[in-house]
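Below is one structure; the comments refer to it alone.
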Amino acid sequence: MTETSEQYNDYRREVVVERVELFSVLYGPVMPFKFFERPHGPAGRPAVLVKLTASDGTIGWGQSVPSPRWGGEPLESARQTLEHYLAPVVLGKNPFDIADIHAAMDAELPDLAFTALAITKAGMDLALHDLMGKLAGVNVAALWGMTAEKPVEISWTVSTPDLEKVPDILEEGRRRGFSHFNIKVAPHLETDVELCRMVRDFAPEGFLWADANGGYDTATALAAVPRLAGAGAVVLEQPLRPHNITGYRHIRKDAPIPIVMDEGLVSPEQLAQYVALGCCDGAAMKPARCGGLLNAVRQIGLLRRHNLMFLGSGLTDPDLALAASLILYSAYGLAQPAALNGPQFLGESLLKTPLECVNGRMAPPAGPGLGVEVDEAAVQEWSRRLA
């Protein structure tokens, strides 16, 4: 058993996973978002719900939130991978041996550079954590020897190439109680700088976080960093594609604001390489992207050891993925507003008591496991929409 599995020993129960069930669903959007666009069918946030039933009847739920545009993992491939490759690995295993299960999943779907299909694997990881917490009767945070009690400050996302729409988007955020904003930038620098100025003028005291999603080339990024900083951005996320190591080292050298990584962080090992090569000042964490909570905890530990910035983000997470992020960020004392925009862009929930954002804050669920209760009848109904 690995060291990471041993941290759960105080809560260990002698059960095994007896059944794995999967449900493909599509959350409908309430606001346009370019990452929801699909080549066919309605726009929305696809997800695969993972239901694990233990030998004593206890149930754990997880959620994979695949996205071809964010991670090259379509809904269809995520569902097939979970069914034919990951479910057989988990069946018959004790969920408290989660680190060993992760190693087995990585052996089944290996990649020489980083965790393969990390978004898909995250669904299984979240279900295992939910199951462990419910078996032990504690919130997931307690499995780490922590508590998740403090609400998480949330940032409002501004994502539009049309600057005329920006005032209305900002006003809607303010109306709903938000005072911090994150903006989607790249590749059009002049538009990006003007957008940054508009948001900074609207919220002069707010935390303003620019995210390029790897959309700049090196020359444009070199010009963008000082100009975005001058326009009011306090951090720039993922200005270049993940493989551009030379470019990251170059732009970070004299950057007036922190440069943080995101898209490339699908494993703790990869984050360690970026840190060792001097490519970043920190990371925008996403449990849904890096294979789940096990790897997210490892990544936070690495950032803390190197005194680097830890930001909280997501993949427009709904329901279970959102609950996991809230627990993680609260337990580990996230200092800055989290870019968790699921409540902003999604209007539906599969939870009996949906998670709510009130005045720009979200309380982490406090119950056993991930702290939320899935409406199984709704899951069955939604899954028939994609049948």
Side-chain angles (χ1 to χ4, degrees), residues 31-37 45 65 67 69-71 119 153-161 163 166 169-170 173 178 180-200 202-203 206-218 220-229 231-242 244 247-248 251-252 255-266 271 274 279-290 308-317 325 329 334 336-342 344-345:
M31 295 177 65
F33 198 24
K34 64 180 180 180
F35 295 104
F36 288 165
E37 297 170 3
R45 157 33 84 214
V65 286
S67 170
R69 292 193 173 192
W70 264 321
I119 298 175
E153 192 92 24
I154 305 298
S155 176
W156 183 260
T157 297
V158 182
S159 175
T160 177
L163 295 180
V166 172
I169 295 173
L170 294 173
F178 290 81
H180 306 283
F181 297 85
N182 62 88
I183 60 175
K184 295 295 184 180
V185 298
H188 305 296
L189 180 53
E190 297 304 322
T191 300
D192 298 340
V193 173
E194 182 58 28
L195 171 61
C196 195
R197 288 199 185 100
M198 293 174 71
V199 178
R200 175 51 73 207
F202 183 83
F207 185 79
L208 176 50
W209 169 358
D211 178 11
N213 290 112
Y216 291 131
D217 57 37
T218 303
T220 306
L222 282 167
V225 176
R227 293 191 63 188
L228 289 172
V234 297
V235 64
L236 177 58
E237 175 186 343
Q238 199 71 43
L240 307 170
R241 292 174 67 85
N244 193 348
Y248 273 104
I251 66 172
R252 181 177 174 244
I257 55 176
I259 306 298
V260 301
M261 301 294 289
D262 172 16
E263 270 77 359
L265 302 182
V266 294
L271 174 58
Y274 286 128
C279 293
C280 62
D281 298 292
M285 293 295 308
K286 288 181 172 70
R289 179 189 293 287
C290 69
L308 295 174
M309 178 177 281
F310 151 43
L311 295 179
S313 186
L315 296 177
T316 314
D317 301 318
S325 294
Y329 299 155
L334 179 65
Q336 304 293 354
L340 292 172
N341 55 22
Q344 176 181 344
F345 289 102

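The analysis underlying the following values was restricted to heavy atoms, covering all of them including side chains, and did not include hydrogens, waters or symmetry mates.
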Flag the pair [X] / [Y] as yes when at least one side-chain heavy-atom distance between them is below 4.5 Å, and no otherwise.
X	Y	answer
I251	P239	yes
C290	L265	no
R45	V65	yes
R289	E263	yes
D281	I259	yes
P161	T191	no
T220	P187	no

Output the distance between atom [atom1] ([X]) and atom [atom2] ([Y]), rounded to the nearest 0.5 Å.
X	Y	atom1	atom2	answer
R252	M261	CZ	CE	11.0 Å
I154	N341	CD1	CG	9.5 Å
R227	E190	CZ	CD	4.0 Å
L236	I183	CG	CD1	9.0 Å
L311	Y329	CG	OH	9.0 Å
L228	L195	CG	CG	9.0 Å

Minimum heavy-atom distance between [X] and [Y], given as atom pair plus value:
X	Y	result
T316	G342	CG2-CA, 3.9 Å
K286	S313	NZ-OG, 3.0 Å
A186	D192	N-OD2, 2.8 Å
L340	S325	CD2-CB, 4.0 Å
S155	N182	OG-ND2, 2.8 Å
I257	A233	CG2-O, 3.5 Å

Inset, instruction - Please list, chain by chain and in numerical order, all residues satisfying side-chain hydrogen bond (donor to acceptor under 3.5 Å, both in side chains) with W209, sequence neighbours excluded. - result: E237
Inset, instruction - State whether the side chain of Y274 and the backbone N or O of C280 hold a donor-acceptor pair below 3.5 Å, judged by distance alone. - result: no
Inset, instruction - Sequence neighbours left out, what passes salt bridge (charged side-chain N to carboxylate O under 4.0 Å, His left out) with D211? Give chain and number order. - result: K184
Inset, instruction - Check whether the side chains of T218 and N244 place a donor and an acceptor atom closer than 3.5 Å, and report yes or no. - result: yes
Legend entry - Geometric class of the W156/F178 ring pair [parallel <30°, tilted 30-60°, perpendicular >60°]: tilted
Inset, instruction - Kindly determine whether V166 and F202 satisfy side-chain contact (heavy atoms from CB on, under 4.5 Å), including the steps that lead there. - result: CA-CA 10 Å; V166 172; F202 183 83; over 6 Å; no
Inset, instruction - Please step through side-chain contact (heavy atoms from CB on, under 4.5 Å) for the pair R200 and V234, ending with a clear verdict. - result: CA-CA 10 Å; R200 175 51 73 207; V234 297; 3.9 Å; yes
Legend entry - Non-neighbouring partners of Y216 that pass ring pair (Phe, Tyr, Trp, His ring centres under 6.0 Å), sequence neighbours left out: none
Inset, instruction - Kindly check if the number of other-residue, nucleotide or ligand heavy atoms within 6.0 Å of CZ (R241) is above 12? - result: no
